[in-house]
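I have placed the structure first, in the form of structure tokens, so that the comments after it can refer back to it.
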Amino acid sequence: MRLLRAVCVALTALVMAGCAAPPAEPRRPGLPASAQARDDLIKSAQRALVTRCLAERGLTLPTARTTRAGDAGGHDRRLQDALFGTGRRELSLTLATGYTITAHTDGCQAAAQRALYGDQRRWFRAEATVNNLRAEAGARMAADPRFRAALARWNRCVTPPGAARPERPAPAVTARCDRESGLADVRARLEPARLAEVRALRRDQLTTYARLRTRALHRAVELATAQPAPHTDADPRTPTDTEGHDHS
């Protein structure tokens with residue numbers, strides 16, 4: 001089950017504090033209309049590419065059924081290495097928030113990315129940047145004196161008299177203190193402006209992200225037209241990892 005979870009959630013560690021909406025790809029003939037359909041198309045193409053790559057190595061993705069039955073067996077290590085790569089992670093990007101994102105350039109995941117996006121290194125940097133726009137905006141907002149003052153009032157509000165501040169205040173207390181401290185209003189005013197600043201600052205990476213995704217969508221259409229994607233319960237994704245180095 002550990003292997004299946006690693007396959008299914010390999011991307012989620014990348015997003016430490018949420019994602020900002022990426023720019024929309026232009027509507028072109030042959031491309032799905034909705035954002036969800038486009039995401040599904042790329043995921044399906046990547047799954048097909050990964051499955052084909054593993055088959056060339058005599059390996060297959062585990063399904064929930066075979067994992068529960070204990071059929072993964074002793075080839076777990078080989079499968080992980082084939083999927084995610086081995087050795088030192090060749091790609092690395094330190095975000096404006098101070099966190100470092102890393103990824104392999106070998107393995108079937110990386111090969112699928114190159115087939116879809118053309119340039120894995122450029123896609124790695126663009127995707128990591130876009131996925132962390134909201135986190136970057138949040139870091140800028142947290143440094144604002146108005147936000148810091150409101151947060152201090154909020155902390156005092158949720159702390160019972162003569163006791164330590166609870167790690168997770170009750171939802172009703174949180175909502176009340178959001179209002180009484182003014183934190184909700186301050187966040188509502190500051191967050192959109194900070195996000196707009198970050199998006200303007202990262203405009204080049206946003207453009208690259210949109211361009212490479214459009215390439216991947218057209219490549220996915222070609223793959224889907226050529227042959228149907230094989231079915232699997234697993235959902236392989238980008239083999240990225242976030243190392244908890246906060247330099248801010």
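Numbers for residues simply follow the sequence, beginning at 1. All values reported here derive from a predicted model rather than from experimental measurement.
Residues satisfying the salt bridge (charged side-chain N to carboxylate O under 4.0 Å, His left out) criterion with Asp119, sequence neighbours excluded, are absent altogether. Residues passing the side chain to side chain donor-acceptor pair (under 3.5 Å) test with Arg179, sequence neighbours excluded: none. For Arg187, there are no salt bridge (charged side-chain N to carboxylate O under 4.0 Å, His left out) partners two or more places apart in sequence or in a different chain. Residues passing the side chain to side chain donor-acceptor pair (under 3.5 Å) test with Asp185, sequence neighbours excluded: none. Remark: Glu136 engages Arg202 in a side chain to side chain donor-acceptor pair (under 3.5 Å) (not counting sequence neighbours).
Using a 4.5 Å cut-off on side-chain heavy atoms (C-beta onward), Ser92 and Ile101 make no contact. The shortest side-chain heavy-atom distance between Asp81 and Arg77 falls under the 4.5 Å cut-off. For the pair Glu127/Leu212, no side-chain contact is recorded, criterion being any heavy-atom separation below 4.5 Å from C-beta on. For the pair Gln46/Gln109, a side-chain contact is recorded, criterion being any heavy-atom separation below 4.5 Å from C-beta on. By the 4.5 Å heavy-atom criterion applied to side chains, His104 and Thr86 are not counted as neighbours. Using a 4.5 Å heavy-atom cutoff, the side chains of Leu195 and Arg134 are in contact.
Between Asp39 and Arg213, at least one side-chain N (NZ, or NE/NH1/NH2) sits under 4.0 Å from a carboxylate O, which counts as a salt bridge. Using a 4.0 Å cut-off between charged side-chain N and carboxylate O, Arg194 and Glu191 make no salt bridge.
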Pairs of donor and acceptor atoms involving the side chains of residues 167-176, under 3.5 Å and at least two apart or interchain, shall be tabulated with distances.
from	atom 1	to	atom 2	distance (Å)
Thr174	OG1	Ala170	O	3.2
Arg176	NH1	Glu180	OE1	3.1

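With Ser44 contributing its side chain and Asp40 its backbone, the two residues share no donor-acceptor pair below 3.5 Å. A donor-acceptor distance shorter than 3.5 angstrom exists from the side chain of Arg153 to the backbone of Ser181, with no hydrogens or angles considered.
Across all their heavy atoms, Leu95 and Ala128 have their closest contact at CD2-O, 3.9 Å. Heavy atoms only, all atoms of each residue included: Ala216 and Tyr117 are closest at CB-CE2, 3.4 Å. Taking all atoms of both residues into account, the shortest heavy-atom contact from Ala103 to Phe124 is CB-CE1, 3.7 Å.
Side-chain atoms of Thr94 and Thr100 include a donor-acceptor pair closer than 3.5 Å. Donor-acceptor pairing under 3.5 Å is lacking for the side chains of Gln205 and Thr129.
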Review point. Would Asp76 and Gln80 count as a side-chain hydrogen bond (donor to acceptor under 3.5 Å, both in side chains) if you check the C-alpha gap in whole Å, the side-chain angles of each, and the deciding distance to 0.1 Å?
Key: CA-CA 6 Å; Asp76 278 9; Gln80 292 248 26; over 6 Å; no

